Amino acid sequence: MKKALLVCIGTVLISASMAGHALAAGLHVQQGFRDVTLRGYSRPITSATIAAEVSGVIITRYYDVGDTVTKQPLVQIDPTWIDLQLRENDTSLERTRIAIDQARSRTAWLEKEFVRRQTLVTQGRVSESSFDEIEQQRDQSRLDVRLQEQQLQQLEVQRQTLIEQQKRHRPTAPAGWLVSRRYIDAEDLVSAGTPLMDVGDYRQLLIPLSVTAEELAAIKQGSQAQLNDQAVGYYMHSISPAFDEKTRKIAIELMIDDFSGEHRGGLPFELTVEMSDNGFMVPVAAISDRYNHPRVVRMDQPQPVEITILNHQGDWVRIAPTDQLQPGVELRDQTPTGGSDKP
């Protein structure tokens with residue numbers, strides 16, 4: 001019997017302590033606010049349309065819609081003609097290198113002959129005309145070497161140009177991007193500028209929004225939202241410096257963080273921000289609604305204050321402004337368990 005009585009007394013004391021703590025926390029009037037839900041849809045951080053840079057027939061298509069791009073090209077355009085031109089260039093390069101070796105060999109022999117005849121002319125053993133002839137041949141051979149070397153450089157530049165053109169027969173996209181649209185298929189004939197595929201980097205998702213200056217300030221204060229019904233974090237990616245005079249809004253982009261679902265475009269995004277509004281906010285627990293006459297009681301005054309409810313915001317009620325209430329005023333608890341409005 002004593003044990004049961006002790007347990008009962010302990011329960012009463014604990015309940016009284018919790019009620020006293022809740023009452024100590026107080027119920028106060030706050031400046032009016034309203035919840036505004038901003039909605040948008042996801043898109044990739046970067047997207048592009050890959051177009052053909054050369055004309056030809058597509059031999060192979062390596063990707064379809066939804067595929068992830070690897071190091072392999074998007075398509076292979078028939079490289080027959082460019083390959084033949086490269087082979088011809090290789091032949092010309094080899095022929096020019098042989099011609100340079102021949103010209104250098106002849107020049108080296110003429111240099112020795114020039115020195116030898118120069119000595120003989122000094123000794124009077126050969127004529128001046130014979131010496132002048134070998135000198136002219138030596139100078140001409142030197143020019144031939146320079147000409148062949150310039151031709152070799154020209155062929156090497158031509159080869160680099162052909163290699164670049166050959167690469168353009170295998171258009172690529174950054175690895176890790178996804179193919180979102182395909183315009184062509186194998187055996188199609190394309191020309192320079194023909195769209196091949198749309199690709200995008202869906203590893204990071206952006207949410208474009210158009211907001212007011214007040215909404216922008218509220219967005220900067222938060223960091224949590226909903227993407228495809230999943231709680232996610234976000235941070236500001238970009239704010240346009242332009243202002244739309246028609247809508248009176250600013251274009252922004254939010255970067256999504258910690259999203260574990262499928263990354264793709266068009267995922268619904270919701271962000272609820274708290275905006276200041278006219279009127280006051282009063283806790284639901286401070287309102288008595290007898291006979292459809294809502295009222296509150298100030299802690300410093302016994303007379304009830306009639307209020308006009310505008311709307312509900314969760315555990316709060318927004319009321320019309322009244323001279324008898326101001327932000328910060330403490331109100332009595334009107335709940336049946338501990339309020340002043342007990343029946």
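Source: prediction; values computed, not measured. FYI, the numbering just counts along the sequence from 1.
Within the 4.5 Å cutoff, the side chain of Gln137 has heavy atoms near those of the Glu133 side chain. Put simply, the side chain of Met236 reaches to within 4.5 Å of the side chain of Ile219, judged on heavy atoms. Val65 is not listed as a side-chain neighbour of Leu178, based on a closest heavy-atom distance of 4.5 Å or more. Side-chain contact between Gln230 and Ser260 is present, with at least one heavy-atom pair separated by less than 4.5 Å. Residues Ile287 and Val317 meet the side-chain proximity criterion, which asks for heavy atoms closer than 4.5 Å. At a threshold of 4.5 Å between non-hydrogen side-chain atoms, the residues Gln204 and Pro44 do not count as touching. You'll find the side chain of Val75 reaches within 4.5 Å of the side chain of Ile184, heavy atoms only. When side chains are defined from C-beta on, Arg332 does not count as touching Leu27, because their heavy atoms never get closer than 4.5 Å.
For the pairing with Asn89, the side chain to side chain contact (heavy atoms under 4.5 Å, CB included) check across Ile163, Leu162, Thr161, Leu84 returns one residue only, Leu162.
Cluster membership for Met255 and Leu209, using ILVMFWY side-chain heavy atoms within less than 4.5 angstrom, is not shared. Under the 4.5 Å side-chain heavy-atom criterion for Ile, Leu, Val, Met, Phe, Trp and Tyr, Val282 and Ile309 are members of the same hydrophobic cluster. Under the 4.5 Å side-chain heavy-atom criterion for Ile, Leu, Val, Met, Phe, Trp and Tyr, Ile239 and Leu38 are members of the same hydrophobic cluster. Grouping the Ile, Leu, Val, Met, Phe, Trp and Tyr side chains by contacts below 4.5 angstrom, directly or via other members, places Leu206 apart from Ile250. Cluster membership check: Leu254 shares its hydrophobic cluster with Met275, using side-chain heavy-atom separations under 4.5 Å among Ile, Leu, Val, Met, Phe, Trp and Tyr.
Atoms CD1 and NE2, from Ile58 and His169 in turn, are 11.5 Å apart once rounded to the nearest 0.5 Å. Atom CZ of Arg159 is separated from atom CD of Gln166 by 8.5 Å, given to the nearest 0.5 angstrom. Atom CD1 in Ile256 sits 4.5 Å away from atom CD1 in Ile207 (nearest 0.5 Å). Rounded to the nearest 0.5 angstrom, Leu155 CG and Gln150 CD are separated by 12.0 Å. Interatomic distance, CE of Met197 versus CG of Leu74, reported as 5.5 Å (0.5 Å rounding). Note: Asn311 CG to Trp316 CH2 = 13.5 Å, rounded to the nearest 0.5 Å.
Closest non-hydrogen pair, Ala285 versus Asp333, comes out as O-OD1, 3.2 Å. When all heavy atoms of Phe259 and Leu227 are compared, the closest pair comes out as CE1-O, 3.6 Å. Between Pro79 and Ile59, the closest heavy-atom pair is CD-CD1, 3.8 Å. Contact detail for Ala173 and Val69: the closest heavy-atom pair is O-CG1, 3.5 Å. Nearest heavy atoms, Ser55 versus Ser191: OG-CA, 3.4 Å. In terms of heavy atoms, Phe280 sits closest to Pro327 at CE2-CD, 3.6 Å.
In the model, Thr70 has a side-chain atom that pairs as donor or acceptor with a side-chain atom of Tyr63 under 3.5 Å.
Remark: side-chain polar atoms of Asp315 are not paired, donor with acceptor, to backbone N or O of Pro283 under 3.5 angstrom. Counting only distance, with no hydrogens or angles, the side chain of Ser141 and the backbone of Thr107 share a donor-acceptor pair below 3.5 Å. Between the side chain of Ser130 and the backbone N or O of Ser127, no donor-acceptor pair lies under 3.5 Å. Checked by atom type and distance alone, the side chain of Thr212 pairs as donor or acceptor with a backbone atom of Glu215 at under 3.5 Å. Without hydrogens or angle criteria, Thr96 side chain to Ser92 main chain gives a donor-acceptor distance under 3.5 Å. His263 contributes a side-chain N or O that, together with a main-chain N or O of Tyr202, makes up a donor-acceptor pair within less than 3.5 Å. Between the side chain of Ser42 and the main chain of Arg264, a donor-acceptor pair closer than 3.5 Å is present.
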Audit row: Arg104, Glu149, salt bridge (charged side-chain N to carboxylate O under 4.0 Å, His left out) steps and yes/no: CA-CA 10 Å; Arg104 287 174 177 173; Glu149 288 176 343; 2.7 Å; yes
Test log, rule side chain to side chain contact (heavy atoms under 4.5 Å, CB included), inputs Glu156 and Leu152: CA-CA 6 Å; Glu156 289 175 343; Leu152 178 65; 4.0 Å; yes
CA sep, side-chain torsions, deciding dist, call: Ile98, Glu94, side chain to side chain contact (heavy atoms under 4.5 Å, CB included): CA-CA 6 Å; Ile98 293 173; Glu94 184 62 24; 4.2 Å; yes
From CA spacing to verdict: side chain to side chain contact (heavy atoms under 4.5 Å, CB included), Ile252, Leu216: CA-CA 8 Å; Ile252 66 171; Leu216 176 59; 3.9 Å; yes
Audit row: Lys246, Asp244, salt bridge (charged side-chain N to carboxylate O under 4.0 Å, His left out) steps and yes/no: CA-CA 6 Å; Lys246 293 182 178 180; Asp244 191 328; over 6 Å; no
Worked verdict on Phe243 versus Lys249 for side chain to side chain contact (heavy atoms under 4.5 Å, CB included): CA-CA 6 Å; Phe243 177 73; Lys249 292 187 176 183; 5.9 Å; no
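Within 6.0 Å of CG in Asp300 there are more than 12 heavy atoms belonging to other residues, nucleotides or ligands. No more than 12 heavy atoms of other residues, nucleotides or ligands sit less than 6.0 Å from atom OH of Tyr41. Heavy-atom neighbours of Glu88 CD from other residues, nucleotides or ligands within 6.0 Å: at or below the threshold of 12. More than 12 non-hydrogen atoms from other residues, nucleotides or ligands lie less than 6.0 angstrom from CD of Gln326.
Note on residues 170-186: pairs passing side chain to side chain donor-acceptor pair (under 3.5 Å), not counting sequence neighbours, are Arg61-Asp185, Asp64-Arg182, Gln76-Arg170, Tyr183-Asp198.
The pair Arg295-Glu306 does not count as a salt bridge, with every side-chain nitrogen at least 4.0 angstrom from each carboxylate oxygen. Between Glu164 and Lys167 a salt bridge is recorded (basic side-chain N to carboxylate O distance below 4.0 Å).
Residues forming a side-chain contact (heavy atoms from CB on, under 4.5 Å) with Arg116 (at least two apart in sequence, or on another chain): Glu113, Leu120.
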